Structures are given as C-alpha cells and as structure tokens.
Amino acid sequence: MCGIVGYIGKGCAKDVVLDGLGKLEYRGYDSAGIALLDKGRLAVEKIAEIQDESNKSKISKLQDLLKEKYSDANVAIGHTRWATHGTPSVLNAHPHVSNDGMIAVVHNGIVENYSELKEMLLKKHNIRCKSETDSEVIAQLLSVFCADGLDLVDAMLKATGMMKGAYAIGAIYKNDENKIVGYRKDAPLIACHTDEGTFIASDMTALLKHSKDVYFLDDDELVVCKADSMQILNRNKEVVEKEIFHIDWNIETAEKGGYDHFMLKEIHDQPDVLEDTLSRRLDSNGRINLDGISLTLDDLNKIKKIYIVACGTAYHAGLVGKTLIEKWAKIPVEVDVASEFRYRDPLVDENTLFIAVTQSGETLDTLMALREAKKKGARVLSIVNVVGSSIARESDDVFYTWAGPEIAVASTKGYTTQLMCLYLIALYMGRLKETISAETEKKVLEELKSVPSKVSGLLKNEGKIEELAKKIYEKRSIFYIGRGLDANVALEGSLKLKEISYINSFAIAAGELKHGTIALMDEDTIVFALATQDELAEKMLSNIVEVSARDAYVVSITKEKNDFFKDASEMVLFIPECIDEVTPLLSIVLLQLIAYFVAKERGENIDMPRNLAKSVTVE
Ligand code: F6R
C-alpha cells in the first residue's frame, strides 16, 4: 500500500529515489521520506500531511526540502506512506531511524507482533520506540544486533526471524556505506542491477526508467545491493539463482499523457488495451489460444466446481465471470470476497478450480485465499495484470490482462480487461467441453472484436455526462439498479462513484427494490437504471416506473434500439447494439465517466481518493 524505493550506485541517490517515489505516490500518500548515507552521516528528511494552498504533492515538497542538499550521496532509501499504525505525521513517516542513529528502515506491510517486540526492546535493551508505528521496531532491532557485532545481513536475518506478519523492508547502516539490504515476506519487493547501480522498489513503475529486466524476491529472501553488484540470498545465506522478468511496459504508459487525471487517461486507454488483451489470445485462425495455459478436456472434466475469488472491483468482474462460465461451460461457479473465503472453511478439494482475479497481483486477502485453496488441493488459475507479481508466481496458470500500468486508485481498464479474460476463459471452456456450438463461439468472438471500437464511440458521450454531473454532483445518495449482468455492473458503477466522489451510493438488483430499499426513494434520489438485457428490459421498465413514481430522478442506460426508455426516464444514455452477454464491457464505460465527472465537479482528488491506496497489501 505504501511505496519503497532504494538506490546505491554512481548516480545521485537523492534524485533516483525521489523520482521513483514520485512514480509510487499513488500507492500511499499521507507522508513521505528519504534516508541517505552522506559522507559518514545518516541523514533523514520527511514530510507529512500539511494542508496548504500550494496543492503540491508530498514528493514535490520533499524535493523542495532537499533542493540544495545531499547531491553527492550515492546511497538512499525512500518511502511513501499510507498510514496503518499511527496517524499520518512526520514522527510516524518512514524511514524510521534507530535511537542510536545508526540504522534507517523503510517498510511496507505489518509487523503483527510489534507490541511484543517493543516491550522486549524496552525491557531487555532499554530502547523506547518513539513513533506509534509497527515499523520502527525493525530499525531498533537491527541497531541492537549491529551493535552486538552482526553485519546488516545477519542482523536482518535475526530481526526477521523474530517478526511475524507481512513485510518488504529496505535498510541502511551508517557504518556500512556500501550496501542496502532488502527483505521480503508476503509483500512485494523487486530488485534490478544496471551499469548505474542497484535498485529496489515495491512496484515496477518506480524502476521502469532504469530497467525492464527485474527480479522479484520470493518470501524469506534477502537482497544485498551494492553499487557494482546485487545478490539475492535465502535465509541460509545461499545465493538464489532467479529468473529475470522482462516487463513490457513503456514509461509513457505510466504517465498522464496530457489528460487531467490518470483515471481519465486509463478510461481512454480501454479501446487499445481491450484490443491487446483479446488479440494476444487469438491464433491465426481467429480461435482462442490460452497461450501456455494447459487446461485440457481431461482437466476440465475433473473440475466439479469453480471458485472465483477477489476483492473490490476484481470481485465485481468475477460476478460477471460466474454468469459467463455457468452459461457457456456449464460448470457451477461460486464467487467469493477473498477476505471472507479464507475464514469460512470453503468446500475446496482437488476437483476445484480456483480463479483469483487481481490487477496488482499483490492483494494480501486474495493471496492468502489462494494459498488456502492450494492447501486444500485446488488448481489455481489467476487473472493478473502485473507480470511477476506474487499471485502470478504462486498460481499454476496465469492469464495476464495486459492492461499496462494502472495508476489511478479507482480501477477502470483493470476491470474491463479482467472481464475480457473471463469471456475468453468461459468461451474456451465451453468449446473444449462442447457445451457451446462453434457458431456461438464465433459469434461471441465477433462481438468481442467489435468492443474496442464501440468503447471508443461511448467515450464521445463525455460532454453529455459532464453536463449530467453538473446536475447531480451535490446529491447525497445515488442508486444503481439492474437485473442479471446489469446488477453486477451496477455494483461496480456504484463503487467507482463512492470511492472518488464520497457520495453515499448503493447498488441493488432491481427486483429487490420492492423488498425494502424502495422506501429510500424520494425527490432527492438519483437512480442509474441499467437495462441492457433484452429479456429483462420490460421488467426493468417496470422498476424504473416504480422509482419514478416516488419522484426519483432516473437516468437509464440501455441499447440504442430501446428508445421507449425515454418516456420513463429523465435521461437515457445508450450503448451500441450487441449481444446481451457483452454489455458489461460497454455500460461500465459510461458509469466510469459518470463517477469521474461527478468527482471532478466536486473538486475531489480523483487519482488519490482519501483513505484508499492502490494495492492493498494488508489484511
Ligand atoms: C476499486 C479498486 C479496488 C481493487 C481491489 C482489488 O477501484 O481498485 O476495489 O479492485 O482492492 O485489487 P487487485 O485487483 O489489485 O487485487
């Protein structure tokens, strides 16, 4: 959730680390800091939440603070923080420094037994932690062990041996200007080495500028970074030979490219990335090719049940996936929120296929659910965006979404590319099991191929949606209703709105309204009614009439042919003609734009909404 960057090499460490932190600011942003080794001195500078009129990011403020300083330092570690333990403040910001001023540490994740360790440090070593964080204990432990004569590597092994929880750590030691030591357990840490030096980071986007060939540390691995070398070691200090991952992302894809916000840029990226996701999976005969995923008919026949497990937006994609797989492959599917799956002793065995859906590939709830399913014997297929991420590496098969870096906290292209993968998986399974005909497969594929250009067409509604946003941005409650696949998309549309506009928004299956929720409808209510499913259009019309009769302001979203929705709604937004199954890929684009323009009208910080972080690596 937070971001880590470290650098040791020929270049100016301050510049490398601050530039990297700038790329990671979207991961966590209530405070930031840097520690440098500068001619025998351990220097630390931090900045925390300060409301002022400059509207500058924490990293730019940190840059200002460091302007004239530390230009000769060649070793630095830095951090952007999303507070978990303790308020956002300079004291709680990283890097944390040991009381003897010898060690500085940056940390992502949680040290679960930090209270115990704090107590031990006080009782045994008379060391009192200064901050409210769990992370500070790491710096204090390292300093105790280094004072006892261990070098930083041994001290790190000893400290992590005492810690429980999930952590990616970067540490420097005043008495050893030649190294940065990194450690990973259940939180991502990436390293690379070039002629310029050695780099570590929690996220690929911080390293793209320096190298696209990186190493992903596995759990309980340690990286020793020196200016002219890099070594990854296991807990027995044996060198681990690791695979290099080549990351096929351009640096430009991690930049705004002229748009006001990353979110708007990523909404506009969708035609291209959807095309990419699809075309990478079609062979020269236009048939689906799962590219390295060995799912044979025998395998499929053994699968009695599929679990799709994910969080937030990815969970919403999973809901659509359930309908598609059950319809086309005739395999029963359960969709579960990862944080619930893990603790409810789910009925999983070797005849279960577990599908994890995740943009970051690092969401701890999803990772833990995956491990639980594996323990029970399930085969794991994951739908992941970030190549080489933890979930990708722990899965039996990976279906990459190829969305490119998603920077805005609110997921947009992440969601639609996950959907595209689920269409392809469901169709492929149906073809193999012969539960769909060759004509159906062909027809759906033709429809999917037309999606990118239809999405481009939908983006032309921006002006209309901006006008609508001006009318509704001050409302206090907004509902999303739909039936069938539309009910799934309603959930996603509502989540988009609440996370960036902070308007209380609620999604419900339209047929459920009359069982209670309709009591909330009045002249102050806005209802987005999704009515894209042909068979359910009339039923939706009745629901729209019901809420209109309670004076709600209804905006319907339906297919172009359904002109008759105009009479029952204040406004209608149309999606192009298509088969019912693929409407989620289109209607969501309108809902993404609605959320974006409402938040913009309200003046909110769209790419970095309050209280949220991009990658949730805590439970
Ligand atoms: C919402 C959003 C989150 C994520 C969720 C899972 O816009 O982005 O709900 O979808 O935290 O994240 P991943 O997909 O990285 O596992």
Side-chain angles (χ1 to χ4, degrees), residues 1 26-28 82 108 186-188 202-205 261-264 266-267 270 308-321 335-342 354-370 380 382-395 398-422 488-489 491-502 505 507 588-589 591-596 599 604-619:
M1 328 208 24
Y26 68 97
R27 291 178 64 101
W82 183 87
N108 282 359
D186 290 335
S202 52
D203 191 303
M204 194 50 226
T205 42
H261 296 97
F262 277 112
M263 181 177 178
L264 189 61
E266 288 162 6
I267 291 173
Q270 290 177 115
I308 303 182
V309 178
C311 304
T313 288
Y315 167 75
H316 296 155
L319 293 173
V320 174
V335 190
D336 221 333
V337 166
S339 53
E340 291 296 316
F341 174 88
R342 203 185 148 192
F354 177 96
I355 304 184
V357 186
T358 168
Q359 187 283 128
S360 61
E362 300 293 352
T363 302
L364 197 64
D365 284 327
T366 311
L367 180 62
M368 293 304 174
L370 175 155
V380 175
S382 60
I383 298 175
V384 183
N385 188 35
V386 179
V387 173
S389 55
S390 305
I391 291 176
R393 283 177 297 129
E394 294 195 24
S395 302
V398 189
F399 204 91
Y400 283 112
T401 57
W402 304 119
E406 192 178 57
I407 309 286
V409 165
S411 179
T412 53
K413 62 178 179 173
Y415 172 76
T416 45
T417 52
Q418 284 161 356
L419 286 185
M420 185 59 95
C421 295
L422 285 160
N488 305 149
V489 177
L491 283 167
E492 175 56 10
S494 166
L495 178 64
K496 283 292 86 80
L497 185 78
K498 60 184 117 165
E499 64 186 329
I500 58 171
S501 73
Y502 320 137
S505 150
I588 191 58
V589 177
L591 301 187
Q592 292 166 347
L593 288 171
I594 289 164
Y596 173 80
E604 305 298 357
N605 189 352
I606 294 178
D607 284 337
M608 299 183 191
R610 70 183 183 205
N611 306 342
L612 294 175
K614 184 68 186 161
S615 173
V616 187
T617 51
V618 290
E619 271 193 78

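Here the structure is a predicted model, which is why all the values come from computation and not from measurement. Atoms within each ligand, like the ligands themselves, are counted from 1 in listed order. Worth knowing before you read on, the calculation uses all heavy atoms, side chains too, and leaves out hydrogens, waters and symmetry mates. For the single chain, residues carry numbers from 1 onward in sequence order.
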Suppose I only count heavy atoms of [X] and a 4.0 Å limit; which atoms of ligand 1 are within that range?
X: A314; result: 10 (O), 14 (O)
X: Q359; result: 13 (P), 14 (O), 15 (O), 16 (O)
X: E499; result: 1 (C), 7 (O)
X: V409; result: 7 (O), 8 (O)
X: S411; result: 7 (O), 8 (O)
X: A410; result: 7 (O)
X: G312; result: 9 (O)
X: K496; result: 1 (C), 7 (O)

Which heavy atom of S505 sits nearest to which heavy atom of S494, and what is that distance? OG-OG, 2.6 Å
Contact between H316 and ligand 1, counting heavy atoms under 4.0 Å? no
Closer than 4.0 angstrom: is that true for some heavy atom of T412 and an atom of ligand 1?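 Not so, T412 does not reach ligand 1.
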Using heavy-atom distances, let me know which of T313, I391, V357 sits nearest atom 9 (O) of ligand 1.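 Minimum heavy-atom distance to atom 9 (O) of ligand 1 goes to T313.
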Go through the steps to decide whether V335 and Y315 satisfy the test side chain to side chain contact (heavy atoms under 4.5 Å, CB included), and finish with yes or no. CA-CA 8 Å; V335 190; Y315 167 75; 3.7 Å; yes
Donor on one side chain, acceptor on other, [X] and [Y], under 3.5 Å:
X: T401; Y: Q359; value: no
X: T205; Y: D203; value: yes
X: T313; Y: S411; value: no

Taking 4.0 Å as the limit for heavy-atom contacts, which would you say applies to E362 with ligand 1: side chain only, backbone only, both, or neither?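 Neither; nothing of E362 gets under 4.0 Å from ligand 1.
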Can you tell which of E492, K496, Q270 makes a side chain to side chain donor-acceptor pair (under 3.5 Å) with Q592? Q270
Using only atom types and a distance under 3.5 Å, with no angle test, would you say the side chain of Y502 pairs donor to acceptor with the backbone of E604? no
Is the backbone N or O of D365 less than 3.5 Å from a side-chain atom of T363, with the two atoms forming a donor-acceptor pair by type?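 No, because the side chain of T363 does not come within donor-acceptor range (under 3.5 Å) of the backbone of D365.
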What residue pairs, at least two apart or across chains, pass salt bridge (charged side-chain N to carboxylate O under 4.0 Å, His left out) with a residue in residues 383-395? D218-R393, R371-E394
Based purely on interatomic distance, does S360 place a nitrogen or oxygen under 3.5 Å from a nitrogen or oxygen of ligand 1?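 The answer is yes, given that S360 and ligand 1 share an N or O pair closer than 3.5 Å.
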